[in-house]
Amino acid sequence: MSLPVRPGRRPAVSGRRRPPYFRSGVRGYTRRALKPSNLIARFSPDEVPADRQRHRFRVGLIEDEVGAVIAVPVVAIRSPRPGPVVGLTSALHGNEINGIAVIHRLMNALEGKLRRGCVVGVLVANVPGFRLAQRTYSDGTDLNYIMPGRPDGSTAELYAHRLVENVVRQFDVLFDLHTASVGRENCLYVRADLDDPRIYDIARRLRPDIVLDNPARDGSLRGCAGDFGILALTVEIANPQRFQLRYIRDAAVGIRAVLADLGMVGSVSIAERPPPVICSDSRWFYTDRGGLLTKVPGLLERVAEGQPMGTLLDVYGDPVRVYRAPYAGIVIGRSVNPVASAGARIVHLGKIRTDRPDPRP
Ligand SMILES: [Zn+2]
């Protein structure tokens with residue numbers, strides 16, 4: 001068998017026929033694009049240039065199977081005057097993306113104007129989930145149940161550990177930005193531990209539709225941040241895998257109002273928005289049979305005790321069940337998917353707080 005003889009050297013290519021990849025300028029560009037100069041191992045606000053301009057980083061957290069670095073995109077603006085470090089995390093659930101646009105809007109508004117401190121946006125906290133347009137990490141782990149991760153744990157635990165250690169621990173205040181899950185919708189609401197008056201104040205100033213008093217759950221990013229002494233709140237911004245301008249705008253303006261209160265920006269007027277409804281407690285209600293769910297009350301609708309909050313039809317259209325509210329409340333979130341197996345969610349009903357009325361207008 002004879003093999004074709006290959007030349008020992010690449011034949012010289014000359015003149016206009018030279019393909020573009022031979023030109024050194026193009027080759028240099030390719031190398032730069034593949035190895036971004038803003039890749040860092042650990043984010044530190046002290047290393048952000050204090051010029052009130054927007055700086056973009058990629059914080060490398062973990063290597064994938066072929067040794068490529070999975071890096072979270074981070075944007076930060078720092079003022080020359082010292083002050084608090086306010087962090088925002090978005091897409092910790094990879095399909096909850098309204099928060100990304102909130103960070104974009106906020107950074108547009110803050111560039112050149114930050115009076116003190118540093119504002120940091122983690123645009124995509126769960127990069128593998130974001131790529132797959134799914135809530136969980138690529139291995140199916142819900143990152144918001146395993147915080148602060150483990151340095152010697154599974155892939156997701158290691159990723160979570162480094163996200164917390166190398167980024168989140170630098171914050172003094174954390175807004176963890178979420179949305180509803182697939183098949184449901186949320187209003188704009190804040191979940192926070194209102195026993196802490198500083199957190200209560202931040203939650204109110206953000207002017208969401210609802211503030212829900214809710215001690216942080218173990219394993220959540222909010223709970224883990226709280227353990228590190230960070231003032232942490234969860235902001236739920238409408239629906240998954242969508243950009244919803246009204247909610248994005250309201251959340252971004254609300255966060256700017258909090259920054260104004262911290263002396264980090266000039267005053268922000270959100271007076272036209274009503275103060276939030278404060279809920280002392282809430283519960284999800286579920287179907288006990290399968291079928292088609294209809295007549296679920298709308299977001300922010302107030303429901304009296306005993307009022308219907310969902311009718312379940314069988315597949316032929318005959319009513320099987322009418323679910324009634326066991327207490328008077330307000331609809332925080334609701335199912336938007338009529339197809340219901342037994343145990344499907346109906347509404348997330350908040351109990352409006354009456355024992356401790358809001359002292360301020
Ligand atoms: Zn979420």
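Along the sequence shown, residues are numbered consecutively beginning with 1. Every number for a ligand or one of its atoms is a count from 1 in the order of the listing. Bear in mind that the values here come from a model prediction, so they are computed numbers and not experimental data.
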- [ ] Output all residues satisfying side chain to side chain contact (heavy atoms under 4.5 Å, CB included) with K113, sequence neighbours left out; order by chain, then residue number.
- [x] none
TODO: Take the angle between the ring planes of F285 and Y327 and call it parallel below 30°, perpendicular above 60°, tilted in between.
DONE: tilted
Task: Cut-off under 2.8 Å, centre the Zn ion (ligand 1), protein N/O/S atoms - done: H93 ND1, E96 OE1, E96 OE2, H178 ND1
Task: F243 with L106, same ILVMFWY side-chain cluster at under 4.5 Å - done: yes
Task: Distance-only side-chain donor-acceptor flag, N108 / R54, under 3.5 Å - done: yes
Open item on the list: Can you see whether H161 engages D152 through a side-chain donor-acceptor pair at a distance of less than 3.5 angstrom?
Closed with: no
Task: side-chain contact (heavy atoms from CB on, under 4.5 Å) between R321 and T287, worked out - done: CA-CA 9 Å; R321 279 274 192 280; T287 61; over 6 Å; no
